[in-house]
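To keep things clear, I will list the structure first and then write my remarks on it.
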Amino acid sequence: MDGITELPDTITDTDDPAVVVDGVSKRFRLYKDKPSSLKQRITSRRGAAYDEFWALRDVSFSVPRGSAFALVGHNGSGKSTLLRLMAGIHRPTTGTIQSKGRVSALLELGAGFHPELSGRENIYLNGSILGLTRREIASKIDEIVDFSGISDFIDSPVKVYSSGMYVRLGFSVAVHVNPDILIIDEVIAVGDEEFQRQCFDHLYKLRSQGVTIIVVSHSLALVQTMCDHAAWFDHGRLLHVGTAGDVVHQYLRKVNVSEAERMEVEAARASLADAGAEATQEPAPARQRPIVIEEVEFLGPNGEPTHVAEPKAPLTIRVHFSCRTPLENPLFSMAVENENDVFVANPGIQPTHSKGPTYVGPGHVDYRMEQLPLGPGEYTFTFAAHDTDGTTILDKKERFASLKVQPGPEVVYGVVDLLGEWTPLVADKGETG
């Protein structure tokens, strides 16, 4: 694939790796006729027709000891399959995976829990599976229960637990069994905001203790801020492995290109539909306007039209207009709203109350941003043309254009980035200790 870089030696030649994945491929059989009974399953499976599905193909990389390592990629790319191979739930069809130390895994909701047993009994069951003695589990059970926050239900069968309670108990067990390697699929997202913060605080604590953490996450901001390294998978193949920021940038570049191509196709279809619709004359009020906003374009860093942008990347908004009659120095403004209908900004040309040039016919005006301050999300834009004093709206197009801001290499957590800079720390008394 074009644009894919070679795997860096700094990752594959790690002196003290926690996990080594060497030439791993995983094949599943997808049977075309599903047996309806145990007898049919036993008697017909040997000759049943099936298709081969390769979830992973020839994957090799190393996870440095004590690091936080992320697996990123689209749904179905093989990330979760690889986690299950690392956890020993599946075996590779070819290749080997070597892990050094105790592995603790939290892969899916309720995995490893017996629904008829209580939460307390499941703690002992899971701890035993992970290699702890009953005495070791007993010494940690109070800490596990307190962390989970479900002490009122700890002696109830887990079959009555909500999804959030499952996650709380599962995560609490996984992180309190003294793992050397902690493997987490994206199940923490099921928990509430308070518990997620509690989980991340504990993960940072584990990292400081030298625990290796391997996660699957679709939150690229989390990958960039929490992880040291990452690997990008696409349809079962490893495309890129390296520092988290570099891998996220490579992945987003492909996603953004694909998204832009999809939106271009949709825009072309909409244009053809409009062209094929019954032509109608502009209503009389519109024909009487001295100026009409005709079209809006979003221009990316290379000056090409786009429907997708990245935070802090250059962007130009070009407003095409037509002056029906000679018009002196018209002004323009725009309003920006996010997908939750939150009013974000309303930049406009300020009136100078002085005579300016007179325009007639077609023209355009640009609003240039060296760094787009918007965070990831969907935004709609309303545009208006005003008279030279800014007191009268001559034309207005409500929610006339939309722009999708994708996560980029520059992380923006809020709706907007203030685009300021932090200065170096200064000790008030001139001392740093």
Side-chain angles (χ1 to χ4, degrees), residues 3-5 68 70 72-74 200 217-232 239-240 242-264 267 296-319 332-349 364-383 399-425:
I4 303 304
T5 58
V72 301
H74 61 82
F200 293 131
S217 179
H218 290 285
S219 172
L220 299 181
L222 171 65
V223 172
Q224 289 177 290
T225 54
M226 173 183 168
C227 298
D228 307 302
H229 306 101
W232 167 26
L239 296 189
H240 188 63
T243 62
D246 182 44
V247 170
V248 168
H249 176 68
Q250 295 277 354
Y251 173 54
L252 284 175
R253 184 169 64 179
K254 180 179 183 296
V255 170
N256 291 348
V257 168
S258 299
E259 180 72 9
E261 291 174 348
R262 182 185 66 80
M263 296 184 72
E264 290 291 344
V296 171
E297 290 182 295
F298 297 101
L299 307 179
N302 57 2
E304 294 294 324
T306 183
H307 294 281
V308 179
E310 293 182 3
K312 297 189 179 182
L315 183 74
T316 297
I317 302 175
R318 177 163 293 176
V319 181
F332 290 85
S333 66
M334 67 179 179
V336 186
E337 298 172 273
N338 69 3
E339 62 262 40
N340 297 319
D341 298 327
V342 174
F343 186 74
V344 177
N346 187 201
I349 302 174
H364 72 268
V365 61
D366 290 345
Y367 184 80
R368 295 192 180 98
M369 291 170 281
E370 294 299 324
Q371 291 182 289
L372 178 64
L374 299 176
E378 298 268 1
Y379 297 88
T380 56
F381 293 75
T382 295
F383 297 89
R399 299 186 174 183
F400 190 54
S402 62
L403 177 71
K404 184 167 187 177
V405 180
Q406 295 274 34
E410 296 285 349
V411 180
V412 175
Y413 290 104
V415 177
V416 296
D417 191 300
L418 298 181
L419 299 178
E421 293 184 359
W422 288 99
T423 65
L425 276 66

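Excluded from the calculations below are hydrogen atoms, water molecules and symmetry mates; all remaining heavy atoms, backbone and side chain alike, are included. Quick caveat: nothing in here was measured; it's all calculated off a predicted structure. By convention here, the first residue in the shown sequence is residue 1.
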Measure across [X] and [Y] and return the closest heavy-atom pair with its distance rounded to 0.1 Å.
X: P311; Y: L374; result: CB-O, 3.5 Å
X: E337; Y: D341; result: OE2-O, 4.1 Å
X: V247; Y: A231; result: CG1-C, 4.1 Å
X: A244; Y: C227; result: CB-O, 3.4 Å
X: L403; Y: H307; result: CD1-O, 3.6 Å
X: V412; Y: G375; result: CG1-CA, 3.6 Å

My understanding is that only residues two or more places apart in sequence, or in another chain, count here; which of them pass side chain to side chain donor-acceptor pair (under 3.5 Å) with [X]?
X: Q224; answer: none
X: H364; answer: none
X: E297; answer: H320

Is there side-chain contact between [X] and [Y], with heavy atoms separated by less than 4.5 Å?
X: V223; Y: V72; value: yes
X: F200; Y: L222; value: yes
X: Y367; Y: V319; value: no
X: T380; Y: F400; value: no
X: L315; Y: L299; value: no
X: N338; Y: V415; value: yes

Would you confirm whether [X], through its side chain, and [Y], through its main-chain N or O, come within 3.5 Å as a donor-acceptor pair?
X: N346; Y: M334; value: yes
X: D417; Y: L419; value: yes
X: E339; Y: E378; value: yes
X: N340; Y: V342; value: no
X: T382; Y: A335; value: no

I'd like to know whether V336 forms a side chain to side chain contact (heavy atoms under 4.5 Å, CB included) with F343, so could you lay out the CA-CA distance, the side-chain angles of the two residues, the decisive distance to 0.1 Å, and finally the verdict.
CA-CA 6 Å; V336 186; F343 186 74; over 6 Å; no
Roughly how far, to the nearest 0.5 Å, is the CD atom of Q250 from the NE2 atom of H240?
4.5 Å
Here the gap from W232 atom CH2 to H74 atom NE2, rounded to the nearest 0.5 Å, amounts to 9.5 Å
Any chance the rings of F298 and F381 have centres within less than 6.0 Å?
yes
Evaluate the side chain to side chain contact (heavy atoms under 4.5 Å, CB included) criterion for residues V405 and L372: first the C-alpha distance (whole Å), next the side-chain angles of each, then the deciding distance (0.1 Å), finally the verdict.
CA-CA 9 Å; V405 180; L372 178 64; 4.0 Å; yes
Checking side chain to side chain contact (heavy atoms under 4.5 Å, CB included) for the pair V344/V416: CA distance, chi angles, key distance, verdict?
CA-CA 8 Å; V344 177; V416 296; 3.6 Å; yes
